[in-house]
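To keep things clear, I will list the structure first and then write my remarks on it.
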Amino acid sequence: MNAEQDLASYRTLAIEGCDGAGKSTLARRLATQHGFTLVHCPPTPDHLELTHHYRTLLDRPGRLILDRCFLSELVYGPLFRGRSRLTWQQILVLAAHVTQRDGLFVHITATPPTIRARLMARDGHAPSTAQITALTCGYHRTFAMLAAYAPVLTIDTTTRPSGPAG
Ligand SMILES: Nc1ncnc2c1ncn2[C@@H]1O[C@H](COP(=O)(O)OP(=O)(O)O)[C@@H](O)[C@H]1O
Ligand SMILES: Cc1cn([C@H]2C[C@H](O)[C@@H](COP(=O)(O)OP(=O)(O)O)O2)c(=O)[nH]c1=O
């Protein structure tokens, strides 16, 4: 698929989006087919110094895919924990490291009913459609801001097949 060939030309891909949008499926496929090292970034514990954590990840050698990154904090933080532990200023410093590493931010999205159905099928439970809508809107706002400072590609997987051919 052309879009995936384009993605493969970057040295760094930071893949972000709502749980269930299809990040890990795409990340695994790109890693397997194009030889990226895949790093999944799960929710980080409170004691972790977040900017140092992500800087260290980005200092790794070679081609890298981050399956989630510091942008999760901006969206999940305010909605689920009352605040983001990272400021926009800190986010933009980290984003500059991604860009300097020949990086692209990949925004994976889908319609909230699609995401909900996928989460139900994958996990047997899912947030409400309203909660998923809040998350997808949060990501849309975040990426609209980020796009003024760093390269962003949005992929809507609602109708996109997930097979090996992409
Ligand atoms: N492009 C796609 N089209 C249809 N289903 C998909 C697609 N990408 C992922 N899925 C399915 O949706 C579910 C969530 O995908 P996953 O990659 O785990 O999302 P995330 O990493 O964003 O939580 C999985 O069951 C996966 O098989
Ligand atoms: C990285 C991150 C994730 N999360 C949330 C997003 C997900 O709902 C949940 C689990 O994330 P994760 O383990 O990345 O799951 P998935 O690959 O299915 O998206 O934690 C945060 O609340 N804060 C964070 O900083």
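Just follow the structure's listing: the first ligand is 1, and inside any ligand the first atom is 1. Remember, predicted model here, so these are calculated numbers, not experimental data.
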Whether A21 lies under 4.0 Å from ligand 1, heavy atom: yes
ILVMFWY network linking V39 to Y54, side-chain heavy atoms under 4.5 angstrom: yes
Ligand-side contact atoms (ligand 1) for residue partner C18, heavy atom cut-off under 4.0 Å: 22 (O)
Polar atom proximity, R28 to ligand 1 (N or O, under 3.5 Å): no
Test item: side-chain donor near acceptor, T157 and R118, under 3.5 Å: yes
N or O pair under 3.5 Å between D67 and ligand 1: no
Location of contacts on R122 toward ligand 1, heavy atoms closer than 4.0 Å: side chain
Closest approach of F105 to L71 (non-hydrogen atoms, all atoms of both residues): CD2-CD1, 3.7 Å
Per-atom contacts, ligand 1 versus D19 - under 4.0 Å to a heavy atom: 23 (O)
Proximity flag G20 to ligand 1, non-hydrogen atoms under 4.0 Å: yes
Heavy atoms from other residues, nucleotides or ligands near CD of Q100 exceed 12 (cutoff 6.0 Å): yes
R85/D46 salt bridge by N-O under 4.0 Å criterion: yes
Student check: side-chain heavy atoms of L26 and E4 closer than 4.5 Å: yes
Ligand-side contact atoms (ligand 1) for residue partner K23, heavy atom cut-off under 4.0 Å: 17 (O), 19 (O), 20 (P), 21 (O), 22 (O), 23 (O)
Proximity winner for atom 6 (C) of ligand 1, if only heavy atoms of H40, R68, R118 are counted: R118
Region of A27 that comes within reach of ligand 1 [heavy atoms, distance under 4.0 Å]: neither
Plane angle bin for H107 and H140 - parallel if under 30°, tilted between 30 and 60°, otherwise perpendicular: perpendicular
Contact atoms of ligand 1, heavy-atom distance to G22 under 4.0 Å: 8 (N), 9 (C), 15 (O), 16 (P), 17 (O), 19 (O), 20 (P), 22 (O)
Contact check: L26 vs ligand 1, nitrogen or oxygen atoms, below 3.5 angstrom: no
Side-chain touch E16/C69, heavy atoms, less than 4.5 angstrom: yes
